[in-house]
Asks: 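Okay, handing you the structure first.
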Amino acid sequence: QVQLVESGGGLVQAGGSLRLSCAASGFTFSTYSMGWFRQAPRKEREFVAAIAWSGGSTEYADSVKGRFTISRDNAKNMVYLQMNSLKPEDTAVYFCALHRVIRSMDSLGEAPSYLYWGPGTQVTVSS
């Protein structure tokens, strides 16, 4: 069955960096786009970044452009989120997600486009 497991979260000071990883299994990883979302306390889940199945195209939320970088390694079934210049407002649980349609980039920024989600990893940025 499909499994997505995030890791790499933690506590960091403002201005610091973290690299999140998502290990995927149970499907043909190289044929699906993947996304990262986040959810802060008392807020709705929001889009962070997404990457096409080939890795050739990426999308970012305006709030993280220039600071975060999404990447993937199809040989290792891994997707990553490099987060630099972190701000307290980046504090949230971060989730990786599998797009519901093979070889599709439709609505990458919309949560309903994703079928499977990992359990999440907590990122806390102190001021």
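Numbers here are sequence positions counted from 1.
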Asks: Sequence neighbours left out, cut at 3.5 Å: what donor-acceptor pairs do the side chains of residues 1-10 make with other protein atoms?
Replies:
unit_1	atom_1	unit_2	atom_2	d
E6	OE1	G120	N	2.8
E6	OE2	C96	N	2.9
E6	OE2	G120	N	3.3

Asks: Any side-chain to backbone donor/acceptor pair from S113 onto S107? Under 3.5 Å, distance only.
Replies: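 Yes: the side chain of S113 pairs with the backbone of S107.
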
Asks: Please check: side-chain N/O of N84 versus main-chain N/O of G66, any donor-acceptor pairing under 3.5 Å?
Replies: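 It does not hold such a pair.
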
Asks: Among V64, I51, V79, which residue meets the side chain to side chain contact (heavy atoms under 4.5 Å, CB included) test with W36?
Replies: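 Filter result, single survivor: V79.
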
Asks: Walk me through it: do Y94 and M83 pass the test side-chain contact (heavy atoms from CB on, under 4.5 Å)?
Replies: CA-CA 11 Å; Y94 283 71; M83 306 186 295; 3.8 Å; yes

Asks: Cation-pi check, R38 to F95: give yes when NZ or CZ is under 6.0 Å from the six-membered ring centre and within 45° of the ring axis, no otherwise.
Replies: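 No, a cation-pi geometry is absent between R38 and F95.
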
Asks: With distance as the sole test, does R100 use its side chain to make a donor-acceptor pair with the main-chain N or O of P112 at under 3.5 Å?
Replies: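 Judged by distance alone, yes, a pair lies under 3.5 Å.
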
Asks: Run the numbers on M78 and S21 for side-chain contact (heavy atoms from CB on, under 4.5 Å), then give the verdict.
Replies: CA-CA 7 Å; M78 297 288 294; S21 299; 3.7 Å; yes

Asks: Could you tell me which non-hydrogen atom of E59 sits nearest to which non-hydrogen atom of F47, and how far apart they are?
Replies: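 Looks like O-CZ, 3.7 Å.
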
Asks: Cluster question for you: counting only ILVMFWY and a side-chain heavy-atom cut-off of under 4.5 Å, with indirect links fine, are Y116 and Y32 together?
Replies: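 Yes, one cluster joins them.
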
Asks: When you look at L98 and F27, which way does the side-chain contact (heavy atoms from CB on, under 4.5 Å) test go after all the steps?
Replies: CA-CA 10 Å; L98 165 65; F27 64 101; 3.4 Å; yes

Asks: Using modelled atom types and a 3.5 Å cut-off, is there a donor and acceptor pairing between side-chain atoms of H99 and backbone atoms of A52?
Replies: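 Side chain of H99 to backbone of A52, a donor-acceptor pair under 3.5 Å: no, none is there.
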
Asks: Looking at D90 and K87, is there a salt bridge between them, counting it only when a charged N and a carboxylate O are closer than 4.0 Å?
Replies: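 No, no charged N to carboxylate O under 4.0 Å.
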
Asks: Backbone N or O of S85 within a donor-acceptor pair of the R67 side chain at under 3.5 Å?
Replies: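 Between the backbone of S85 and the side chain of R67 there is a qualifying donor-acceptor contact (under 3.5 Å).
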
Asks: Is M34 reachable from L115 through a run of I, L, V, M, F, W or Y residues, each pair having side-chain heavy atoms under 4.5 Å apart?
Replies: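 Yes, because L115 and M34 connect within a single hydrophobic cluster, where side-chain heavy atoms sit under 4.5 Å apart.
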
Asks: Run the side-chain contact (heavy atoms from CB on, under 4.5 Å) check on L81 and V48 step by step: do they pass?
Replies: CA-CA 9 Å; L81 186 67; V48 176; 4.1 Å; yes

Asks: Without swapping roles, check the side chain of S33 against the backbone of S104 for a donor-acceptor pair under 3.5 Å.
Replies: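 A pair under 3.5 Å: yes.
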
Asks: Of the non-hydrogen atoms in F68 and Y60, which two are nearest, and what is the gap between them?
Replies: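 So the minimum-distance heavy-atom pair works out to O-CE2, 3.2 Å.
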
Asks: Suppose we call two aromatic rings close when their centres sit under 6.0 Å apart. Are Y114 and F37 close by that rule?
Replies: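 Yes, they do, as the ring centres are separated by less than 6.0 Å.
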
Asks: Quick check against the 3.5 Å criterion: does T91 have a side-chain atom that pairs as donor or acceptor with the backbone of V125?
Replies: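 Yes, the answer is positive, given that a donor and an acceptor are paired below the 3.5 Å cut-off.
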
Asks: Can you measure from CG (L108) to OG1 (T58) and round to the nearest 0.5 angstrom?
Replies: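 L108 CG to T58 OG1: 10.0 Å, rounded to 0.5 Å.
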
Asks: Against the six-membered ring of W117, is R45 placed for a cation-pi contact (under 6.0 Å from the centre, within 45° of the normal)?
Replies: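 Cation-pi check for R45 and W117: passes.
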
Asks: Are any side-chain N or O atoms of S54 and backbone N or O atoms of G56, one a donor and one an acceptor, separated by less than 3.5 Å?
Replies: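 Looks like yes, one N/O pair under 3.5 Å.
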
Asks: Are Q82 and S71 close enough that some pair of their side-chain heavy atoms sits under 4.5 Å apart?
Replies: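 When only atoms from C-beta onward are counted, S71 and Q82 do not touch, as no gap falls below 4.5 Å.
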
Asks: Treating Ile, Leu, Val, Met, Phe, Trp and Tyr as nodes and any side-chain heavy-atom pair under 4.5 angstrom as an edge, say whether W53 and V101 lie in one connected cluster.
Replies: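 W53 and V101: separate clusters.
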
Asks: Is the charged tip of R72 near the ring of F29: under 6.0 Å from the six-membered ring centre and within 45° of its axis?
Replies: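 Positive - R72 is close enough to the ring of F29 and near enough to its axis.
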
